[in-house]
Amino acid sequence: MTAAEPAGPPAVVRHGAGHHLFVWGVLPPLGAAAGGLLSLLPGWLLALPDWVLALPFLPGPDKVELLAGVSGPVLTAVLAVVGLLGGGLLALMSYEEAVMVEAGADSVRVTASGGTAEVARARFGTAFLDGRELVVLDTDTAEAVRVVTDHGEKRLRPAFEAHGYAWSDADPHEGDFLRWLDGTPDLDAHAQALLRTRQEALERKDADDAAGLRTELAGRGLVVRDRERRQYWRALPARGGRPVPGTD
């Protein structure tokens with residue numbers, strides 16, 4: 001049950017200085033070290049027996065010897081710099097999952113990948129973790145937020161409850177989901193087409209396309225979630241006399 005609305009500053013969950021120090025203090029140096037070690041690879045290959053170098057997946061003794069001749073301090077430095085830049089790129093990519101949650105007196109704000117979703121208190125239903133994804137349901141049980149995060153329940157739950165927002169140990173509508181089967185009579189042709197296209201996106205691991213199609217399905221009153229590239233769906237309750245998908 002949701003508690004009374006407390007006053008005070010928002011409860012904020014975000015990565016601290018330790019996380020940033022770890023990301024930038026580990027990934028770029030590891031990349032530089034990997035680049036430096038790569039420059040030593042031709043010399044290591046030359047130490048192998050000739051029959052090993054003759055294997056089809058290796059460049060061959062002549063090419064390895066040529067590469068070894070090119071190796072030196074300059075190449076090592078160049079590869080180390082390339083590795084350093086690669087590590088920096090990985091560090092930047094890690095911020096795609098850097099989620100910040102602000103639970104305040106009037107609303108909940110979730111910021112990720114440069115975008116912010118805000119759910120007003122009057123529209124807030126409940127929040128929970130679905131695997132590595134933070135999900136916020138609104139009062140119509142639709143998904144107002146679904147975002148990948150590495151924040152755990154031990155950090156998220158107190159932040160929501162500190163300002164009286166409901167938190168659930170699991171999806172409260174777990175039992176309402178049905179596995180999607182192509183051609184099921186419970187869904188209309190348009191919803192089937194969207195789910196069929198989304199299944200193809202899941203198979204080719206196109207997360208952006210799958211997310212966009214999830215939004216389209218939400219507009220048609222369907223909540224979709226994935227389990228090992230299988231889609232499961234549930235229909236939202238009818239609103240304002242509008243029938244749920246698959247009904248007359």
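This chain uses plain numbering: 1 for the first residue, then up along the sequence.
- The shortest heavy-atom contact between A112 and V147 is CB-CG2, 3.5 Å.
- D130 has a carboxylate O that lies under 4.0 Å from a charged side-chain N of R227, or vice versa, which qualifies the two as a salt bridge.
- Side-chain contact between L187 and L222 is present, with at least one heavy-atom pair separated by less than 4.5 Å.
- The structure places CG of L202 at 5.0 Å from CG of D226, a figure rounded to the nearest 0.5 Å.
- Taking all atoms of both residues into account, the shortest heavy-atom contact from A201 to A210 is CB-N, 4.0 Å.
- Nearest heavy atoms, L194 versus E216: CD2-OE1, 3.5 Å.
- Both Y165 and V145 are assigned to one and the same hydrophobic cluster, defined by single-linkage of ILVMFWY side chains at heavy-atom distances under 4.5 Å.
- In this structure, V119 is a member of the same hydrophobic cluster as L156, with clusters built from ILVMFWY side-chain heavy atoms closer than 4.5 Å.
- One distance of note links CG of D206 with OG1 of T197; it measures 12.0 Å at 0.5 Å rounding.
- Taking CH2 of W233 as the start and CG of L217 as the end, the distance is 11.0 Å to the nearest 0.5 Å.
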Evaluation steps, side chain to side chain contact (heavy atoms under 4.5 Å, CB included), between V223 and D176: CA-CA 10 Å; V223 179; D176 297 332; over 6 Å; no
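- Residues T126 and A166 share a closest heavy-atom pair of OG1-O, 3.5 Å.
- Judged as a ring pair (Phe, Tyr, Trp, His ring centres under 6.0 Å), the pairs with a partner in residues 166-225 (not counting sequence neighbours) are, in order, F160-W167.
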R225 vs R234, side chain to side chain contact (heavy atoms under 4.5 Å, CB included): CA-CA, chis, key distance, verdict: CA-CA 9 Å; R225 70 178 185 184; R234 67 174 173 86; over 6 Å; no
Steps toward salt bridge (Lys or Arg N to Asp or Glu O under 4.0 Å) verdict (R198, D209): CA-CA 7 Å; R198 190 171 184 274; D209 194 21; over 6 Å; no
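- The backbone N or O of D169 sits nowhere less than 3.5 Å from a side-chain atom of E153 that would complete a donor-acceptor pair.
- Shortest non-hydrogen contact noted between L137 and T141 is CD2-O, 3.8 Å.
- Test D138, V135, T215 against E143 for side-chain contact (heavy atoms from CB on, under 4.5 Å) and you get one pass: V135.
- The distance from atom CD of Q192 to atom CD of Q199, rounded to the nearest 0.5 Å, is 11.5 Å.
- In this structure, the separation between CE on M100 and OG1 on T111 is 4.5 Å, given to the nearest 0.5 Å.
- Panel note: side chain H163, backbone P9; a donor-acceptor pair is recorded below 3.5 Å.
- The closest side-chain heavy-atom distance from T139 to R123 is below 4.5 Å.
- The distance from atom CG of D171 to atom CG of L129, rounded to the nearest 0.5 Å, is 11.5 Å.
- Taking both residues in full, the closest heavy atoms of L195 and Q231 are given as O-NE2, 2.9 Å, listed atom of the first, atom of the second, then distance.
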